[in-house]
Participant: 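Dropping a structure here in structure tokens format, bear with me for questions.
Any value given below was found using the heavy atoms of this structure, including those in side chains, with hydrogens, waters and symmetry copies removed. The residues of the chain are indexed from 1 along the displayed sequence.
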Amino acid sequence: MEGEGLLEKLGQHLVWRIGKAEEEDVVVVRVGLASATPRFRERPRLLNVPDAELARLVQEGKVRVEWVD
């Protein structure tokens, strides 16, 4: 499909970080264009957590997606 091809092309220019918010019990997925990479450091730190904890938070619907400009 045409939309899938466009998404695949766009995906080559995206960067992302996934982790648990320091101050909240929520998984944060940060996404932005590669040109925004330096601004990822300006955001609050994300903690590395075990896969089991990430899975639990996702199952509980505790997920937030953030776009980094």
Participant: Working to the nearest 0.5 angstrom, can you tell me the gap between Arg41 CZ and Arg17 CZ?
Facilitator: 9.5 Å
Participant: With the side chain counted from C-beta on, respond yes when Leu46 and Ile18 share a heavy-atom pair under 4.5 Å apart, and no when they do not.
Facilitator: no
Participant: Is it possible for you to check whether Arg30 lies under 6.0 Å from the centre of the six-membered ring of Phe40, through NZ or CZ, and within 45° of that ring's axis?
Facilitator: no
Participant: Do Glu24 and Arg64 touch side chain to side chain, with heavy atoms closer than 4.5 Å?
Facilitator: yes
Participant: Tell me the closest heavy-atom pair linking Ala21 and Leu47, and the distance in Å.
Facilitator: O-CD1, 4.3 Å
Participant: Taking all non-hydrogen atoms of both residues into account, name the closest pair between Val26 and Leu57 and its distance.
Facilitator: C-CD1, 4.3 Å
Participant: Contact between Asp25 and Lys20 at the side-chain level, heavy atoms closer than 4.5 Å - yes or no?
Facilitator: yes
Participant: Do the side chains of Val28 and Val65 join up, straight or via other hydrophobic residues, at under 4.5 Å, putting them in one cluster?
Facilitator: no
Participant: Linking I/L/V/M/F/W/Y whenever their side-chain heavy atoms sit closer than 4.5 Å, directly or via other members, would Val15 and Val31 fall into one cluster?
Facilitator: no
Participant: Are the side chains of Trp67 and Leu33 in touch, meaning some heavy atoms are under 4.5 Å apart?
Facilitator: yes
Participant: Verify the neighbour count for atom CD of Glu22: are there more than 12 heavy atoms of other residues, nucleotides or ligands below 6.0 Å?
Facilitator: yes
